[in-house]
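Written out below as structure tokens is the structure these notes cover.
Protein chains get the first letters and strands the later ones, always in sequence-line order, with residue 1 at the start of each.
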Amino acid sequence: MSETKLATLAISWYDDNARDLPWRVPGVGAWPILISEAMLQQTPVARVLPVWRQWVDRWPEPAGLAAETPGEAIRMWGRLGYPRRALRLHECATALLTRHGGRVPEDLDELLALPGIGSYTARAVAAFAYGQRHPVVDTNVRRLVARAVAGEPDAGPATRPADLVATAELLPPEPAVAARASAAFMELGALICTARSPRCGGCPLAGSCSWFGAGRPAVPTGPTRRPQRYAGTDRQVRGLLLAVLRDSSGPVPTQRLDLVWSDEVQRSRALAGLVQDGLVELVGDACVLAGEGRAG
DNA sequence: GAAGCGTGGTT
DNA sequence: TAACCAAGCTT
């Protein structure tokens with residue numbers, strides 16, 4: 001008999017406090033759920049909502065997306081960020097068509113083999129779309145488990161196998177209940193057990209939380225590496241270049257792209273990177289989004 | 001395991 | 001205002 005009290009408490013709280021997100025509505029298919037998970041990778045819910053609606057309205061099945069150019073997926077991605085995710089989602093739709101008859105597979109290993117689908121997303125789809133019992137471990141769950149179970153102030157930066165084990169031990173035996181517990185843990189991490197200023201006063205797990213019980217010890221202060229700034233990076237230049245192409249329907253002369261960044265060396269490097277990544281194509285002396293060099 | 005990859009709101 | 005933050009994946 002293991003510790004499923006946390007799951008019970010979390011689910012009770014979730015019943016009353018879960019946000020009404022459209023991909024959580026009963027009956028939503030695995031494909032729209034998969035799209036939501038891909039969009040939510042590193043992008044806040046509020047920004048995903050309108051784009052998700054556009055995608056599921058336009059491409060309710062994988063076949064619809066697979067029939068488009070990759071560039072159209074990139075264009076419809078809008079400003080969600082990390083546009084390679086749009087490319088991967090398009091590749092994913094194609095893979096679903098060729099390997100799985102146009103449907104999202106239920107098997108975890110088959111999900112993991114899809115483009116852009118990693119450990120978190122595969123388990124999220126298996127749990128939330130198909131009601132399977134898998135540990136669904138994202139940054140929120142890692143943080144919550146680190147605090148509630150291990151009594152630590154925060155989790156490590158990346159998901160490790162041990163995180164999956166620790167989370168799996170919290171899941172109730174019934175698959176559907178386990179899936180709901182995973183959703184509840186994530187929601188608690190997103191709304192209550194936040195990174196910056198956790199609201200332990202409103203947390204249903206506080207009475208069972210090791211970290212809270214220990215008086216909320218702080219993160220040990222140490223020399224932290226300063227992360228790379230965004231301004232002036234290739235990342236920013238890529239974003240500027242892609243924004244021009246996204247808002248254009250046809251080929252864009254490279255001469256026009258010269259206007260978005262004055263440093264020729266960096267601009268060329270950024271553009272070459274976009275081409276290398278398959279987001280952009282060169283057509284003579286012009287650029288287009290992927291797959292739109294001939295038509296579109 | 002670290003680095004690279006967008007974007008915009010919040011503190 | 002600069003830094004931080006938001007449901008990761010790939011190489």
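Within 4.0 Å (heavy atoms only), A:Thr139 reaches sugar-phosphate atoms of the nucleic acid but no base atom. Residue contacts shown for A:Arg47 include a base, since a base heavy atom lies under 4.0 Å away. Using a 4.0 Å heavy-atom criterion, one finds that A:Leu80 contacts the bases of the nucleic acid, with or without backbone contacts as well. If you check every strand for non-hydrogen atoms under 4.0 Å, A:Arg142 touches nothing. Contacts of A:Arg160 with the nucleic acid, taken as non-hydrogen atoms under 4.0 Å apart, involve only primed sugar atoms and P, OP1 or OP2. Residue A:Thr121 is in sugar-phosphate contact alone, with no base atom involved, counting any heavy-atom pair closer than 4.0 Å across all strands shown. Using a 4.0 Å heavy-atom distance criterion, A:Trp23 is classed as a base contact. A:Leu21 comes within 4.0 angstrom of a base, heavy atoms only. Within 4.0 Å (heavy atoms only), A:Gly81 reaches at least one base atom of the nucleic acid.
Proximity of the aromatic rings of A:Trp31 and A:Trp59 is defined here by a centroid distance below 6.0 angstrom, and this criterion is not met.
One can find a donor-acceptor pair under 3.5 Å joining the base of B:dG6 and the side-chain atoms of A:Thr43.
Atom P of C:dA7 sits at a distance of 14 Å from the matching atom of B:dT11, rounded to the whole Å. For the C1' atoms, the distance from B:dG6 to C:dA6 is 12 Å, rounded to whole Å. When the C1' atom is used for both B:dG9 and C:dC9, the distance is 24 Å, rounded to whole Å. When the C1' atom is compared between C:dT1 and B:dG8, the two are found 15 Å apart, to the nearest whole Å.
With A:Thr121 contributing its side chain and A:Glu37 its backbone, the two residues share no donor-acceptor pair below 3.5 Å. One N or O on the side chain of A:Asn17 and one on the backbone of A:Trp13 form a donor-acceptor pair closer than 3.5 Å. Here the side chain of A:Thr194 pairs no donor or acceptor atom with the backbone of A:Ala190 at under 3.5 angstrom.
Separating the CG atom of A:Leu144 from the C1' atom of C:dA6 is a distance of 17 Å, rounded to the nearest angstrom. Regarding A:Leu240, its CG atom lies at a distance of 11 Å from the P atom of B:dG6, rounded to whole Å. Between A:Asp138 atom CG and C:dG8 atom P the separation is 5 Å, expressed in whole Å. The CZ-P distance, from A:Arg19 to C:dA6, rounds to 12 Å in whole Å. Atom-to-atom, CD of A:Gln276 to P of B:dA3 comes out at 21 Å; the value is rounded to the nearest Å. What separates CG of A:Leu89 from P of C:dG8 is a distance of 16 Å, to the nearest Å. A straight line from CG of A:Leu40 to C1' of B:dG6 spans 15 Å, rounded to a whole angstrom.
Contact between the side-chain N/O atoms of A:Gln42 and the OP1/OP2 oxygens of C:dA6 is not found at any separation under 4.0 Å.
With C:dA6, B:dG6, C:dG8 as the candidates, the nucleotide lying closest to the side chain of A:Pro44 is C:dA6. Checking C:dA7, C:dA6, B:dC5 against every side-chain atom of A:Val45, the shortest atom distance belongs to C:dA7.
Taking the nucleotide of DNA chain B with the nearest heavy atom to each of A:Arg79 and A:Asp277, the more 5' of the two is matched to A:Asp277.
Of the options A:Arg235, A:Gln42, A:Arg88, a side-chain hydrogen bond (donor to acceptor under 3.5 Å, both in side chains) to A:Tyr82 is made by A:Arg235 and by none of the others. Each of A:Glu152, A:Arg147, A:Arg143 was evaluated against A:Trp211; a single residue qualifies, A:Arg147, per the side-chain contact (heavy atoms from CB on, under 4.5 Å) test.
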